[in-house]
Amino acid sequence: MANYTRRCTDLSNQFERARAEMAPSLQLEQASALYAQGVAHCSGGARLQGIDELTAAIRQLGAIPRVTL
């Protein structure tokens with residue numbers, strides 16, 4: 001469980017960094033909505049689903065989700 005929680009946090013931070021470099025757009029709005037859903041799932045205990053959503057949100061921004069150790 002701790003690994004999933006750490007992964008949620010890491011992906012959330014990656015999204016925040018990628019979002020900071022983007023201008024407002026429909027793509028950013030859609031990715032942000034998916035991000036919010038992912039954060040909610042991570043916080044609510046559905047961490048695997050949240051991880052999938054956060055990963056998809058990062059990809060929507062054109063970034064590559066990274067795995068950190």
Side-chain angles (χ1 to χ4, degrees):
M1 291 302 251
N3 286 336
Y4 293 148
T5 302
R6 187 173 354 158
R7 185 74 177 133
C8 283
T9 302
D10 187 41
L11 288 170
S12 180
N13 291 336
Q14 289 180 48
F15 181 87
E16 292 290 340
R17 286 191 300 272
R19 177 169 58 185
E21 298 175 8
M22 293 193 67
S25 67
L26 179 59
Q27 178 184 4
L28 179 58
E29 286 180 33
Q30 292 172 341
S32 293
L34 188 56
Y35 163 78
Q37 192 174 344
V39 168
H41 281 122
C42 281
S43 297
R47 289 177 187 86
L48 287 176
Q49 185 173 353
I51 288 168
D52 287 344
E53 291 164 342
L54 290 170
T55 299
I58 292 168
R59 287 189 174 130
Q60 269 191 344
L61 296 181
I64 299 170
R66 305 283 181 205
V67 176
T68 56
L69 302 174

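All values reported here derive from a predicted model rather than from experimental measurement.
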(request) Report the residues that fulfil salt bridge (Lys or Arg N to Asp or Glu O under 4.0 Å) with Glu16, sequence neighbours left out, ordered by chain and then residue number. (result) Arg19
(message) My understanding is that only residues two or more places apart in sequence, or in another chain, count here; which of them pass salt bridge (Lys or Arg N to Asp or Glu O under 4.0 Å) with Asp52?
(response) none
(request) Report yes if some heavy atom in the side chain of Leu26 is under 4.5 Å from a heavy atom in the side chain of Gln30; otherwise report no. (result)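 Side-chain contact under 4.5 Å: yes.
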(message) Side chains of Arg66 and Asp10, heavy atoms from C-beta outward: is any pair under 4.5 Å?
(response)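 A side-chain contact is absent here, since even the closest heavy-atom pair is not under 4.5 Å.
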(request) Not counting sequence neighbours, list each pair that qualifies as a ring pair (Phe, Tyr, Trp, His ring centres under 6.0 Å) and has a residue in residues 50-69. (result)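 Non-adjacent pairs meeting ring pair (Phe, Tyr, Trp, His ring centres under 6.0 Å): zero.
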(message) Can you pull out every ring pair (Phe, Tyr, Trp, His ring centres under 6.0 Å) where at least one residue sits in residues 32-52? Sequence neighbours excluded, please.
(response)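 Qualifying pairs, neighbours excluded: Phe15-Tyr35.
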(message) Let me confirm one number: the CZ-OG distance from Arg17 to Ser12, rounded to the nearest 0.5 Å.
(response)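 These two atoms lie 9.5 Å from each other.
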When the side chains of residues 55-64 are checked against the rest of the protein, which donor-acceptor pairs come out under 3.5 Å, sequence neighbours left out?
| residue | atom | partner | partner atom | Å |
| --- | --- | --- | --- | --- |
| Thr55 | OG1 | Ile51 | O | 2.8 |
| Gln60 | OE1 | Ala31 | N | 3.1 |

Distance-only donor-acceptor hits, side chain of residues 43-50, under 3.5 Å, sequence neighbours excluded:
| residue | atom | partner | partner atom | Å |
| --- | --- | --- | --- | --- |
| Ser43 | OG | Val39 | O | 3.1 |
| Arg47 | NE | Thr5 | OG1 | 3.0 |
| Gln49 | NE2 | Glu53 | OE2 | 3.4 |

(message) To check you understand the geometry: which heavy-atom pair defines the closest contact between Ala23 and Leu28, and what is its length?
(response) O-CD2, 3.7 Å
